[in-house]
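As the structure is a computational prediction, the values presented were derived from the model and not from experiment. The first residue in the sequence is number 1, and the count goes up from there.
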Amino acid sequence: GKVMRMTSFGAFVDLDGIEGLMHVSEISWQHVLKPQDILKVGQELEVKILSIKGDKIALSLKAMQDNPFIQAIQEIKEGDEVNCRVLRLHNFGAFAELKPGVEGLIPVSEMSRNRNIAHPREILKEGDYVQVQVLRIDADTQKISLSLKALQPDPWENIESVITLEQPFEGTIESSTNFVIFVTISDGITGLLPRSRVCKTDEMKSGDKVTLMVTAIDRDSHRITLDYIDRTPEEEAAANRPRNEDRSFTPREPRDSGR
């Protein structure tokens, strides 16, 4: 067929007087942003007819090519370390090219042990080459999951040598939600200060320094609970109650400027 015209979503191809549509996703096994990046008006192509529904004909160019995923999974296995190129960034993760036409996803949760990543652009750029570990390969859906975090040292392996319970430390506020304040304790270790423990008069902005203490360490869930160092006797008693008893704190009152 001959390429007659192109749009943002595909290319219309003339098949001896009958027009068919080749969707942009059917042009190549590699990700194509727009048909014009690959095709030219007037170009002759060998295409495959995928379906005919009424007067609509769906065509494919990539169906005439070998699927690179089939070959890739013969060479790449789960647990392998590979170098790949970052292609696209989304709020849920980054797509990276392992081989031409073969992509994997680095979920945002697999990007760093050292910080909470809200968006991949905080640490990655399109075009970056990164070393990752292959977490999962799903041959049925042809999806590959990748991880940056898996190749980084795990600070939790020696957590007791870094953190001492009930000892004051100066941390840096990373970010916050409606329920908790995330505070950097040391490189790769973040603690959670419950929002209910924060006075309304305390401004908690990212980058601020704050003096707190660690009140609990949960190794299984990798959770560190924080609190102020100037707890009242009532708050101390609540913190020391057995786990099966109510250990909840009441919201803090504004503190004196001298405290």
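- Side chain to side chain, Gln133 and Glu110 fail the donor-acceptor criterion of an N or O pair below 3.5 Å.
- In the hydrophobic clustering of this structure, Val130 groups with Val134; members are Ile, Leu, Val, Met, Phe, Trp, Tyr whose side-chain heavy atoms approach within less than 4.5 Å, directly or through other members.
- Between Ile49 and Leu59 there is a side-chain heavy-atom pair separated by less than 4.5 Å.
- Minimum interatomic distance between Thr172 and Lys209 (heavy atoms only, all atoms of both residues): OG1-NZ, 2.9 Å.
- Closest non-hydrogen pair, Gly101 versus Pro68, comes out as O-CG, 3.7 Å.
- Here the side chain of Glu26 pairs no donor or acceptor atom with the backbone of His23 at under 3.5 angstrom.
- Put simply, CZ on Arg113 and OG on Ser147 are 7.0 Å apart, with the number rounded to the nearest 0.5 Å.
- Between the side chain of Trp29 and the backbone N or O of Pro100 there is no donor-acceptor pair closer than 3.5 Å.
- Taking each heavy atom of Thr211 and Ile229 in turn, the nearest pair found is CG2-CD1, 4.0 Å.
- Criterion: ILVMFWY side-chain heavy atoms under 4.5 Å apart, direct or through other members. Under it, Val41 and Val13 are part of a common hydrophobic cluster.
- Checked against Glu97 for a side chain to side chain donor-acceptor pair (under 3.5 Å), the options Arg88, Arg85, His31 give a single hit: Arg85.
- The line from CD1 of Ile163 to OG of Ser186 is 6.0 Å long, rounded to the nearest 0.5 Å.
- In this structure, Trp156 contributes its side chain and Arg219 its backbone to no donor-acceptor pair below 3.5 Å.
- Taking CE from Met6 and CD from Gln43, the interatomic distance works out to 8.0 Å, rounded to the nearest 0.5 Å.
- In terms of heavy atoms, Leu87 sits closest to Glu103 at CD1-OE2, 3.4 Å.
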*Apply side chain to side chain contact (heavy atoms under 4.5 Å, CB included) to Leu212 and Phe169, showing your working.*
CA-CA 6 Å; Leu212 301 169; Phe169 72 91; 4.1 Å; yes

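- No continuous path of ILVMFWY side-chain contacts below 4.5 Å connects Leu135 to Leu148, so the two sit in separate hydrophobic clusters.
- Put simply, the side chain of Thr215 gets close to the backbone of Thr225: a donor and an acceptor are under 3.5 Å apart.
- You'll find the side chain of Lys99 reaches within 4.5 Å of the side chain of Ile76, heavy atoms only.
- Residues Leu15 and Val47 form a side-chain contact, since some pair of their non-hydrogen atoms from C-beta on lies under 4.5 Å apart.
- Atom-to-atom distance recorded for Ile38:CD1 and Leu33:CG is 9.5 Å, nearest 0.5 angstrom.
- Using bins of under 30°, 30° to 60° and over 60° for the plane-to-plane angle, the ring pair Phe95/Phe92 lands in the perpendicular bin.
- The side-chain heavy atoms of Phe182 and Ile173, taken from C-beta on, include no pair separated by under 4.5 Å.
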*Starting from the C-alpha separation in whole Å, work towards a yes-or-no answer on side chain to side chain contact (heavy atoms under 4.5 Å, CB included) for Leu192 and Arg223.*
CA-CA 8 Å; Leu192 282 65; Arg223 181 186 178 93; 3.5 Å; yes

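- Just one of Lys2, Met22, Met64 meets the side-chain contact (heavy atoms from CB on, under 4.5 Å) condition when paired with Leu45; it is Met22.
- Put simply, CG on Leu226 and CZ on Arg197 are 11.5 Å apart, with the number rounded to the nearest 0.5 Å.
- Across all their heavy atoms, Ile224 and Val214 have their closest contact at CG2-CG1, 3.6 Å.
- Within the 4.5 Å cutoff, side-chain heavy atoms of Asp154 are placed close to those of His222.
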*asked:* Run the side chain to side chain contact (heavy atoms under 4.5 Å, CB included) test on Leu124 and Met111 for me, step by step, so that the C-alpha distance in whole Å, both residues' side-chain angles and the decisive distance to 0.1 Å come before the verdict.
replied: CA-CA 9 Å; Leu124 297 174; Met111 291 190 174; 3.9 Å; yes

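- Not a single donor-acceptor pair under 3.5 Å links the side chain of Glu81 to the backbone N or O of Gln131.
- Under the 3.5 Å distance criterion, the side-chain polar atoms of Gln142 are left unmatched by any main-chain donor or acceptor of Val102.
- The backbone N or O of Gln167 sits nowhere less than 3.5 Å from a side-chain atom of Thr164 that would complete a donor-acceptor pair.
- Between the Lys77 side chain and the Ile73 main chain, a donor and an acceptor come within less than 3.5 Å of each other.
- Put simply, the side chain of Ser28 does not reach to within 4.5 Å of the side chain of Leu61, judged on heavy atoms.
- Put simply, the side chain of Val132 reaches to within 4.5 Å of the side chain of Val82, judged on heavy atoms.
- For the pair Leu89/His119, a side-chain contact is recorded, criterion being any heavy-atom separation below 4.5 Å from C-beta on.
- Note: Ile189 CD1 to Thr184 OG1 = 10.0 Å, rounded to the nearest 0.5 Å.
- More than 12 heavy atoms of other residues, nucleotides or ligands shown are found within 6.0 angstrom of CG on Asp218.
- Follow the hydrophobic side-chain contacts under 4.5 Å out from Leu21 and you never reach Ile57; the two are in separate clusters.
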*side chain to side chain contact (heavy atoms under 4.5 Å, CB included) between Phe69 and Ile137: does it pass, once the steps are laid out?*
CA-CA 10 Å; Phe69 182 87; Ile137 298 176; 4.1 Å; yes

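- Within a 6.0 Å radius of CD in Gln74, other residues, nucleotides and ligands contribute more than 12 heavy atoms.
- Cluster annotation: Val162 is connected to Val183 through the hydrophobic network of ILVMFWY side chains, with a link wherever side-chain heavy atoms come within less than 4.5 Å.
- Listed for the Ser206 side chain is a donor-acceptor partner under 3.5 Å among the backbone atoms of Glu174.
- Residues Pro35 and Ser8 share a closest heavy-atom pair of CD-O, 3.9 Å.
- Crowding of Arg195 atom CZ: a count of heavy atoms from other residues, nucleotides or ligands under 6.0 Å exceeding 12.
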